[in-house]
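A short write-up of the structure that comes next.
Indexing begins at 1, ligand by ligand and atom by atom, following the structure's order.
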Amino acid sequence: MKTNLIIPVLALTLVIPAFAADEVVSANYTKHCASCHGKDGKGQTTMGKKLSVKDLSDKKVVAEIKDDVALKNLKEGVKDKSGKELKKSFAGKLNEAEMKALVAHAKAFAK
Ligand code: HEC
């Protein structure tokens, strides 16, 4: 009897944290990113259009994204040439692991 229980219990302990982490990443995306990039990553929001954000569901766009640059942009924010802030820094709101997960999440719209 005991051994019959071990496998499902083990399976559950592996599945639950992975599922929970996914949920957190989606919630963070909705909260911090969707206002500009849109729920679907296409950037067709009022803010997204104003800032002309690229379509993150386009494979060609995503192929050009460098993870370290995207991460730096989340940490430090993005300014245009005249120094106007396009994207504010998320430092203090999200930690590095959360930012990395969000970059991966944003890139996954193109799949
Ligand atoms: C205030 C609007 C705004 C918000 C909020 C925002 N972004 Fe961006 N994002 C931009 C702009 C502007 C760019 C630069 C133009 C482009 O590449 O689309 C950009 C670019 C990107 C890129 C392409 C790589 C790069 O850095 O240039 C990724 C990936 C990205 N954002 C992910 C995110 C994630 C993840 C979040 C949430 C933590 C987020 N963005 C929140 C406006 C925003």
[atom]: nearest protein contact (heavy atom, Å):
atom	result
atom 17 (O) of ligand 1	K54 NZ, 3.4 Å
atom 31 (N) of ligand 1	K87 NZ, 2.3 Å
atom 7 (N) of ligand 1	H37 NE2, 2.8 Å
atom 34 (C) of ligand 1	C33 SG, 3.4 Å
atom 27 (O) of ligand 1	N73 ND2, 3.4 Å
atom 2 (C) of ligand 1	C36 SG, 1.8 Å
atom 13 (C) of ligand 1	V53 CG1, 4.3 Å
atom 23 (C) of ligand 1	I65 CD1, 3.8 Å

For this session: Compute the minimum heavy-atom distance from L86 to ligand 1 and say whether it is under 4.0 Å.
Result: yes
Exercise. Which part of Y29 is near ligand 1, with near meaning a heavy atom under 4.0 Å away: side chain, backbone, both or neither?
Worked result: neither
Exercise. Which part of N28 is near ligand 1, with near meaning a heavy atom under 4.0 Å away: side chain, backbone, both or neither?
Worked result: neither
Problem set entry | N/O separation below 3.5 Å, H32 to ligand 1 | no
For this session: Looking only at distances, please establish whether an N/O atom of ligand 1 is found under 3.5 Å from an N/O atom of S52.
Result: no
Exercise. Is a salt bridge present between E96 and K100, judged by a nitrogen-to-oxygen distance below 4.0 Å?
Worked result: yes
Problem set entry | For L102, atoms of ligand 1 separated by under 4.0 Å from a heavy atom | 35 (C), 38 (C)
Problem set entry | S57 and D40, any side-chain heavy atoms less than 4.5 Å apart | no
Problem set entry | Identified side chain to side chain contact (heavy atoms under 4.5 Å, CB included) partner of K107 from the options D67, L56, L102 | D67
Exercise. Do M47 and V78 belong together in a cluster built from hydrophobic side chains that touch within less than 4.5 Å?
Worked result: yes
Exercise. Would you say K54 has more than 12 foreign heavy atoms packed within less than 6.0 Å of its NZ?
Worked result: no
For this session: Classify the angle between the aromatic ring planes of H32 and F90 as parallel (below 30°), tilted (30 to 60°) or perpendicular (above 60°).
Result: perpendicular
Problem set entry | Steps toward side chain to side chain contact (heavy atoms under 4.5 Å, CB included) verdict (Y29, H37) | CA-CA 9 Å; Y29 181 85; H37 291 287; 3.1 Å; yes
